Student: 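One structure, pasted below without further comment.
Naming convention: chains lettered A, B, ... in sequence-line order (proteins, then strands); numbering from 1 in each chain. Remember, predicted model here, so these are calculated numbers, not experimental data.
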Amino acid sequence: MVSLTAPYVSGFLAFREVPFLLELVQQLREKEPGLMPQVLLVDGNGVLHHRGFGVACHLGVLTDLPCVGVAKKLLQVDGLENNALHKEKIRLLQTQGDSFPLLGDSGTVLGMPTGQPSPSLSQALRSHDRSTRPLYISVGHRMSLEAAVRLTRCCCRFRIPEPVRQADICSREHIRKSLGLPGPPTPRSPKAQRPVACPKGDSGESSGGAPSPQRQADRTTPGGRRSTAQHQVGQR
DNA sequence: GCGACAG
DNA sequence: ATCTTGTCGC
């Protein structure tokens with residue numbers, strides 16, 4: 001558990017989160033070098049960024065590890081807009097298959113939106129779903145966009161790639177345990193469960209070698225209505 | 001008032 | 001991020 005000091009400002013996420021992520025990597029290097037991941041999936045953007053250098057780039061440079069930016073929303077930069085046209089392209093991803101390049105006004109390919117990851121794992125997808133929100137994959141460090149997209153999709157059991165999802169789940173759990181526990185020790189009723197993100201079908205097939213552990217995690221709590229940003233964060 | 005807004 | 005609302009599967 002750490003305490004964040006920097007507030008969240010769009011475009012400056014790295015300045016808030018990277019110091020803690022970097023420290024985790026360094027601790028790993030020192031104490032458990034055998035567990036050092038070959039690549040990090042970072043919750044945020046890489047080059048898909050106002051200045052072409054999002055948190056995934058930032059962390060990549062400081063750790064010298066390959067990094068992939070995995071964002072859940074389109075950061076509207078370099079002329080990219082989450083407008084009707086874009087949404088239509090996203091909607092087509094379902095049927096068209098994979099993804100398309102996000103080309104900024106500058107002529108740079110900034111990223112790739114990816115739809116539902118593996119059709120083989122989710123065939124019930126076609127029940128009449130519209131909620132297909134994409135992931136926005138961008139290069140962080142030392143990896144091509146194509147490899148980043150492939151790797152990310154291989155890690156997806158649900159919408160959120162499993163390394164990111166598990167970091168999320170584990171960090172929330174850690175925080176919940178740390179601060180009293182209004183949680184779920186008894187999943188009693190078949191009704192009152194926490195609805196999980198994704199769709200319906202998923203053939204229970206797990207890829208043998210999820211190739212990449214990863215880093216990431218943090219949850220913030222409003223921390224009172226003081227304007228001073230004192231947020232609490234879980235790491236793992 | 002309205003749109004933006006990675007997490 | 002957090003919050004609501006709605007849908008679907010078990």
Student: Between dA6(B) atom C1' and Glu17(A) atom CD, what is the distance in whole Å?
Tutor: 9 Å

Student: Any side-chain heavy atom of Pro66(A) sitting closer than 4.5 Å to one from His141(A)?
Tutor: no

Student: Write down the atom of His50(A), the atom of Gly11(A), and the distance for their closest heavy-atom approach.
Tutor: ND1-CA, 3.5 Å

Student: What nucleotide, of dA6(B), dA1(C), dG7(B), holds the atom closest to the side chain of Ser10(A)?
Tutor: dA6(B)

Student: Tell me the interatomic distance from Leu13(A), atom CG, to dA1(C), atom P, rounded to whole angstroms.
Tutor: 11 Å

Student: Check the orientation of His86(A) and Phe100(A). Use parallel for under 30°, tilted for 30 to 60°, and perpendicular for over 60°.
Tutor: perpendicular

Student: Specify the separation, in whole Å, of atom OH of Tyr136(A) and atom P of dC5(B).
Tutor: 11 Å

Student: What are the two closest non-hydrogen atoms of Leu28(A) and Leu35(A), and how far apart are they?
Tutor: CD2-O, 3.8 Å

Student: Could you tell me how far apart Leu4(A) (CG) and dG7(B) (C1') are, to the nearest whole angstrom?
Tutor: 10 Å

Student: Closest heavy-atom contact between Leu145(A) and Met112(A)?
Tutor: CD2-CG, 3.3 Å

Student: Gly69(A) near the nucleic acid: base, sugar-phosphate alone, or nothing, with a heavy-atom cut-off under 4.0 Å?
Tutor: nothing

Student: Indicate whether OP1 or OP2 belonging to dC5(B) is found under 4.0 Å from a side-chain N or O atom of Lys73(A).
Tutor: no

Student: Under a 4.5 Å cut-off applied to non-hydrogen side-chain atoms, are Leu110(A) and Ser138(A) in contact?
Tutor: no

Student: Taking only the side-chain nitrogens and oxygens of Tyr8(A), find out if one of them lies under 4.0 Å from OP1 or OP2 of dC5(B).
Tutor: no

Student: NA contact type, Phe15(A), heavy-atom cut-off 4.0 Å: base, sugar-phosphate, or nothing?
Tutor: nothing

Student: Please state the P separation for the pair dT4(C) and dG3(B) - nearest whole angstrom.
Tutor: 22 Å

Student: Under the criterion side chain to side chain donor-acceptor pair (under 3.5 Å), I'd like the reasoning laid out for Glu23(A) against Gln27(A): C-alpha separation, chi angles, the key distance, then a yes or no.
Tutor: CA-CA 6 Å; Glu23(A) 187 184 339; Gln27(A) 285 183 15; 3.1 Å; yes

Student: Does Arg172(A) place a side-chain N or O at less than 4.0 Å from the phosphate oxygens OP1/OP2 of dA1(C)?
Tutor: yes

Student: Leu13(A) and Asp43(A): which non-hydrogen atoms are nearest, and at how many Å?
Tutor: CD2-O, 4.0 Å

Student: When rounded to the nearest Å, what value does the distance between P atoms of dC3(C) and dA4(B) take?
Tutor: 24 Å

Student: Separation of Leu74(A) atom CG from dG7(B) atom C1', in whole Å?
Tutor: 15 Å

Student: Tell me the closest heavy-atom pair linking Leu41(A) and Pro161(A), and the distance in Å.
Tutor: CD1-CB, 3.9 Å

Student: Name the stems with DNA chain C in them: runs of three or more consecutive Watson-Crick or G-U pairs, distances under 3.5 Å?
Tutor: none

Student: Let's see if you get this right: which residues in residues 44-52 of chain A place a heavy atom under 4.0 Å from DNA chain B?
Tutor: Gly44(A), Asn45(A), His49(A)

Student: Met112(A) has an atom CE; how far is it from atom P of dA6(B), in whole Å?
Tutor: 22 Å

Student: Of all the heavy-atom pairs spanning Ser3(A) and Phe20(A), show the shortest one and how long it is.
Tutor: O-CZ, 3.5 Å

Student: In whole angstrom, give the distance that lies between atom CG of Leu75(A) and atom P of dA4(B).
Tutor: 13 Å

Student: If we take the C1' atom in both dG6(C) and dG1(B), what is their distance in whole Å?
Tutor: 29 Å

Student: Just the rounded figure in Å: distance from C1' of dA1(C) to CG of Asp168(A).
Tutor: 10 Å

